[in-house]
Number of protein chains: 2
Amino acid sequence: MQELDDLVSSLREDGFRITPQRVAILDYLLRTDDHPSAEYIHQVVKKQYPMVSLSTVYKTLDLLKEKKLVGEIEVGGQTRFDAHTDAHINLVCMKCGKIDDLDENSLNEIQNRAAKKSKYLILKGNFELFGYCNECKSALS
Amino acid sequence: MQELDDLVSSLREDGFRITPQRVAILDYLLRTDDHPSAEYIHQVVKKQYPMVSLSTVYKTLDLLKEKKLVGEIEVGGQTRFDAHTDAHINLVCMKCGKIDDLDENSLNEIQNRAAKKSKYLILKGNFELFGYCNECKSALS
DNA sequence: TATTAGTTGATAATGATTCCTAATTAATAA
DNA sequence: TTATTAATTAGGAATCATTATCAACTAATA
């Protein structure tokens with residue numbers, strides 16, 4: 001996996017230690033389209049490294065957020081993570097809890113316009129739409 | 001306050017009891033441009049009705065959310081509320097924590113386009129931009 | 001291979017929100 | 001106006017995600 005190696009090297013160059021735990025977490029996030037919670041990431045990574053602790057997952061996620069390698073959205077009282085870092089829409093299914101990504105070109109433009117109008121210095125944006133996914137809406141009673 | 005009276009009447013017609021607690025909470029949300037947390041709403045309402053409990057604030061907010069009289073966004077591990085219910089951008093200052101609203105016409109259009117492309121049934125949208133407000137960015141070290 | 005500072009795992013602490021229940025009260029009708 | 005009653009409230013306990021703490025461990029370096 002070229003991308004993983006590159007990101008790992010860049011972390012190493014920034015002076016961070018490369019631990020199997022960190023690699024496993026980043027690897028999983030790069031491979032999935034899912035938007036897992038810290039708890040879920042912990043479950044997944046434990047299959048490969050049973051000794052990994054939840055607190056290490058949280059700390060690694062903090063690091064990856066800081067390096068802008070992963071993004072986060074807060075949904076239903078918990079934080080969900082993904083490695084899809086360009087501006088996009090998160091479609092949140094209120095029934096099954098899944099989150100799909102949707103690219104939308106106009107978001108960067110909106111962000112720039114908002115920065116100008118508001119005088120805020122904008123660092124990141126989250127765009128969430130809540131509803132029912134195709135499967136769950138079909139199953140509505 | 002005409003709007004408050006109308007909303008109170010509509011709640012009564014829906015079979016909900018009109019309590020001073022509920023009126024005070026809704027009244028405050030209608031009057032402010034702020035995006036208070038439940039805790040903060042509790043502080044404000046207690047000045048007028050010192051016996052109001054935090055759990056009543058939470059339950060009233062649930063009711064008002066269900067009736068779509070207030071919106072919510074999750075920021076920094078807590079939920080913030082406002083009575084500005086049409087689609088808009090929330091500008092979140094990562095330093096002082098304030099949230100400003102910004103109208104943006106294209107949001108409804110984006111929402112419709114996303115619904116079509118994704119096949120989701122969209123019920124609501126949140127658009128958040130994070131950064132530093134004009135005051136806080138000037139004060140950056 | 002030894003050194004050492006960064007990292008980890010385990011668990012305690014925190015804080016926002018939800019749950020629980022007896023007491024209260026808004027709404028209704030007599 | 002008063003009695004009835006089911007909805008609502010206050011207060012506190014419980015829950016759950018996240019953060020903090022710290023002794024033990026280990027990746028990086030020389």
Side-chain angles (χ1 to χ4, degrees), chain A residues 5 7-26 35-67 69-81 92 97 99, chain B residues 5 7-27 35-67 70-81 92 97 99:
Chain A
D5 292 344
L7 296 178
V8 163
S9 299
S10 115
L11 285 174
R12 184 179 277 116
E13 277 158 28
D14 287 337
F16 296 104
R17 289 203 186 158
I18 305 309
T19 64
Q21 293 92 329
R22 286 177 171 176
V23 175
I25 292 165
L26 180 54
H35 292 64
S37 63
E39 175 63 40
Y40 189 83
I41 294 169
H42 184 219
Q43 297 306 323
V44 170
V45 172
K46 266 209 298 196
K47 288 178 192 161
Q48 204 181 348
Y49 299 95
M51 82 302 296
V52 168
S53 73
L54 182 56
S55 52
T56 294
V57 173
Y58 274 108
K59 267 173 289 191
T60 299
L61 288 168
D62 279 347
L63 168 64
L64 298 177
K65 278 189 291 181
E66 206 168 334
K67 301 301 299 176
L69 301 182
V70 305
E72 58 174 339
I73 62 172
E74 296 179 53
V75 168
Q78 70 175 10
T79 306
R80 308 272 294 261
F81 302 87
V92 181
I99 300 176
Chain B
D5 292 344
L7 296 178
V8 163
S9 300
S10 114
L11 284 175
R12 184 179 277 117
E13 277 158 29
D14 287 337
F16 296 103
R17 288 201 186 160
I18 304 310
T19 64
Q21 292 92 330
R22 288 177 170 176
V23 175
I25 292 166
L26 180 54
D27 181 41
H35 293 64
S37 63
E39 176 64 40
Y40 189 83
I41 294 169
H42 184 218
Q43 297 306 323
V44 171
V45 172
K46 266 209 297 197
K47 287 178 191 158
Q48 204 181 349
Y49 299 95
M51 81 302 297
V52 168
S53 73
L54 183 55
S55 52
T56 293
V57 173
Y58 274 107
K59 266 173 290 189
T60 300
L61 288 168
D62 279 345
L63 168 64
L64 298 178
K65 278 189 290 181
E66 206 168 335
K67 301 300 299 175
V70 306
E72 59 174 340
I73 62 173
E74 296 180 54
V75 169
Q78 69 174 11
T79 306
R80 308 271 295 260
F81 302 87
V92 182
I99 299 176

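The basis for the numbers below is simple: all heavy atoms, side chains too, and nothing from hydrogens, waters or symmetry mates. Order of the sequence lines sets the chain letters (A, B, ...), proteins ahead of strands, with each chain counted from 1.
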- For B:T56, check side-chain hydrogen bond (donor to acceptor under 3.5 Å, both in side chains) against everything at least two apart and list the hits. B:S53
- Any residue of residues 36-54 of chain A with a heavy atom less than 4.0 Å from an atom of DNA chain D: none
- Query: Contact class for A:T19 vs. all strands (heavy atom < 4.0 Å): base, sugar-phosphate, or nothing?
  - Reply: sugar-phosphate
- Message: Near DNA chain D, counting only heavy atoms under 4.0 Å, which residues of residues 9-18 of chain A show up?
- Response: A:R12, A:R17, A:I18
- Query: Is there a donor and acceptor pair closer than 3.5 Å between the side chain of A:K59 and the base of C:dG9?
  - Reply: yes
- For residues B:R22 and B:T60, report the shortest heavy-atom separation together with the two atoms involved. CG-OG1, 3.7 Å
- Residues A:V57 and A:A38: closest non-hydrogen pair is CG1-O, 3.6 Å
- Task: Kindly calculate the angle separating the two end axes of the helix from C:dT1-D:dA30 to C:dA30-D:dT1, each obtained from five base pairs, and round it to 10 degrees.
- Result: 40°
- side-chain contact (heavy atoms from CB on, under 4.5 Å) against A:V44, all qualifying residues, sequence neighbours excluded: A:Y28, A:Y40
- Task: Working to the nearest 0.5 Å, report the span between CD of A:Q78 and CD of A:E39.
- Result: 8.5 Å
- Task: State the CG-NZ distance between B:L54 and B:K59, to the nearest 0.5 angstrom.
- Result: 10.5 Å
- Let me know the distance between CD of A:E74 and P of C:dA16, rounded to the nearest Å. 13 Å
- Answer yes or no: is there a donor N or O on one side and an acceptor on the other, between the side chain of B:R80 and the main chain of B:I73, under 3.5 Å? no
- Determine: side-chain N/O of B:Q21 to OP1/OP2 of C:dT25, distance under 4.0 Å, yes or no. no
- Message: Quick one: does any side-chain atom of B:H35 pair with a main-chain N or O of B:F81 as donor and acceptor, under 3.5 Å?
- Response: no
- Note on the structure: In whole angstroms, the gap separating P of C:dA13 from OH of A:Y58 amounts to 18 Å
- Task: Would you please name every residue forming a side-chain contact (heavy atoms from CB on, under 4.5 Å) with A:K46, sequence neighbours left out?
- Result: A:H42, A:Q43
- Message: List the residues meeting side-chain contact (heavy atoms from CB on, under 4.5 Å) with A:K67, not counting sequence neighbours, and say none if there are none.
- Response: A:L11, A:D14, A:F16, A:L63, A:L69
- Looking at residues at least two apart in the chain, or sitting in another chain, which of them share a side-chain contact (heavy atoms from CB on, under 4.5 Å) with A:Q48? A:A24
- Message: Under the rule for salt bridge (charged side-chain N to carboxylate O under 4.0 Å, His left out), what residues qualify as partners of A:E72, not counting sequence neighbours?
- Response: A:K65, A:K124
- Does A:R22 make a side-chain N or O approach to OP1 or OP2 of C:dT8 shorter than 4.0 Å? yes
- OH-CD1 distance between A:Y58 and A:I25, expressed to the nearest 0.5 angstrom: 12.0 Å
- Task: On DNA chain D, reading 5' to 3', which nucleotide is the first and which the last to sit with an atom under 4.0 Å from a heavy atom of chain A, could you check?
- Result: D:dA17 to D:dA28
